[in-house]
**Q** 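The structure that follows is given in the form of structure tokens.
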Amino acid sequence: MVGGESNFVETLTIGRLAERGGVNLETVRYYEREGLMPPPPRNPSGHRTYSPSAVRRLRFIRRCQELGFSLYEIKELLALRSDPEQPCAEVIRQIDGKTAEVERRIAQLRTIHRALRRLQDSCEGACHVSDCPILESLDTEIA
């Protein structure tokens, strides 16, 4: 120790990393296999050791997934993030693409919602299933 400072660098076990990142152990291993998390160094007994920055990366991946990004798209964002001098125009392009995809999905869901409402409105529930207009419609209509 020099001047009251320690050269000790905190490392995390895979369990502690998973806990701090809000995922399970298998998810961390999966992300490593998929190239989202770099292979960690191992201690002399062969156990993975992670730096605290791995928690930030893991949380970044989770947040991207929550926003609907695929693992491939997350890899692209991580690659962009690794070059701090790169302009963020590509990041904007990624967000624009994801926004357009979400808007398409919302439109599809609205179409499905309307179709379900029409089906629901076609039957008051007083008949037997053998005469149910909903089941008949589902048997004959193409969505």
**Q** How close do A18 and L25 get, heavy atom to heavy atom, and via which atoms?
**A**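 Looking at all heavy atoms of both residues, the closest pair is CB-N, 4.0 Å.
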**Q** Assess the residue pair L71 and Q65 against the criterion (side chain to side chain contact (heavy atoms under 4.5 Å, CB included)); give the C-alpha distance rounded to whole Å, side-chain angles, the decisive distance to 0.1 Å, and a yes or no.
**A** CA-CA 8 Å; L71 296 183; Q65 285 185 306; 3.4 Å; yes
**Q** If only side-chain N and O atoms count, and only distance matters, is there a donor-acceptor pair under 3.5 Å linking R114 with T111?
**A**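 Looking only at side-chain atoms, R114 and T111 do form a donor-acceptor pair, the distance falling under 3.5 Å.
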**Q** Rounded to the nearest 0.5 Å, how far apart are OG1 of T13 and CD of E19?
**A**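 It is 8.5 Å, given to the nearest 0.5 Å.
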**Q** Taking distance alone, no hydrogens or angles, what donor-acceptor pairs closer than 3.5 Å link side-chain atoms of residues 86-93 to residues at least two apart or in another chain?
**A**
unit_1, atom_1, unit_2, atom_2, d
E90, OE1, R93, NE, 3.0
E90, OE2, R93, NE, 2.9
E90, OE2, R93, NH2, 2.5

**Q** Looking only at heavy atoms, which two atoms of S53 and S51 are closest? And how far apart?
**A**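 In terms of heavy atoms, the two residues are closest at OG-OG, 2.7 Å.
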**Q** Does either side chain, that of H47 or that of S45, offer a donor lying less than 3.5 Å from an acceptor on the other one?
**A**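 Judged by distance alone, the side chains do pair up.
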**Q** Could you tell me if the side chain of L78 sits less than 4.5 Å from the side chain of I61, heavy atoms only?
**A**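 Side chain of I61 against side chain of L78, heavy atoms only: contact under 4.5 Å found.
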**Q** Quick check: do V55 and L58 have side-chain heavy atoms less than 4.5 Å from each other?
**A**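 No, every pair of side-chain atoms sits at 4.5 Å or beyond.
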**Q** Could you tell me whether E76 and K98 have a side-chain N and a carboxylate O separated by less than 4.0 Å?
**A**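 Not counted as a salt bridge, because no side-chain N and carboxylate O are separated by less than 4.0 Å.
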**Q** Judged by atom type as modelled, is there a donor-acceptor pair below 3.5 Å linking the side chain of R59 to the main-chain atoms of G22?
**A**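 A pair under 3.5 Å: no.
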**Q** Between atom CZ of F60 and atom CE of M37, what is the distance when rounded to the nearest 0.5 Å?
**A**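 Those atoms lie 12.5 Å apart.
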**Q** Show your reasoning for whether side chain to side chain contact (heavy atoms under 4.5 Å, CB included) applies to R110 and I106.
**A** CA-CA 6 Å; R110 284 189 177 129; I106 289 170; 3.5 Å; yes
**Q** Just wondering, do Y30 and V23 contact through their side chains at under 4.5 Å, heavy atoms?
**A**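 A side-chain contact under 4.5 Å is absent here.
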**Q** For E66, I'd like to know if atom CD has over 12 heavy atoms of other residues, nucleotides or ligands within 6.0 Å.
**A**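 Atom CD in E66 is crowded, with more than 12 foreign heavy atoms closer than 6.0 Å.
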**Q** Determine whether R81 and L77 make a side-chain contact, defined as any pair of heavy atoms from C-beta on separated by less than 4.5 Å.
**A**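 Of all side-chain heavy-atom pairs linking L77 with R81, none is under 4.5 Å.
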**Q** Does the S137 side chain pair with the main chain of I134, one donor and one acceptor, at a distance under 3.5 Å?
**A**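 Flag not set: sc S137 to bb I134 has no pair under 3.5 Å.
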**Q** Under a 3.5 Å cutoff, is there a donor and acceptor pairing between the side chains of N24 and T27?
**A**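 Yes - a donor-acceptor pair under 3.5 Å links their side chains.
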**Q** Within the structure provided, determine whether D139 and L135 are in side-chain contact (heavy-atom separation under 4.5 Å).
**A**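 They are not in side-chain contact.
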**Q** Enter the distance from E136:CD to C127:SG here, rounded to the nearest 0.5 Å.
**A**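 Here the interatomic distance stands at 11.0 Å.
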**Q** The criterion is side-chain hydrogen bond (donor to acceptor under 3.5 Å, both in side chains); which residues satisfy it with E32, sequence neighbours excluded?
**A**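 E32 satisfies side-chain hydrogen bond (donor to acceptor under 3.5 Å, both in side chains) with R48, Y50 once adjacent residues are dropped.
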**Q** Would you give the length of the straight line joining atom CD1 of I95 to atom CD of E73, rounded to the nearest 0.5 angstrom?
**A**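 It is 9.5 Å, given to the nearest 0.5 Å.
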**Q** Would you please say whether a donor-acceptor pair under 3.5 Å links the side chains of R105 and Q108?
**A**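 On atom types as modelled, these side chains do not qualify, holding no pair under 3.5 Å.
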**Q** With R57, which residues qualify under salt bridge (charged side-chain N to carboxylate O under 4.0 Å, His left out), at least two apart?
**A**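 Salt bridge (charged side-chain N to carboxylate O under 4.0 Å, His left out) check on R57 returns nothing, list empty.
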**Q** How many angstroms lie between SG in C64 and CZ in R62, if you round to the nearest 0.5 Å?
**A**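 Going from the SG atom of C64 to the CZ atom of R62 covers 11.5 Å.
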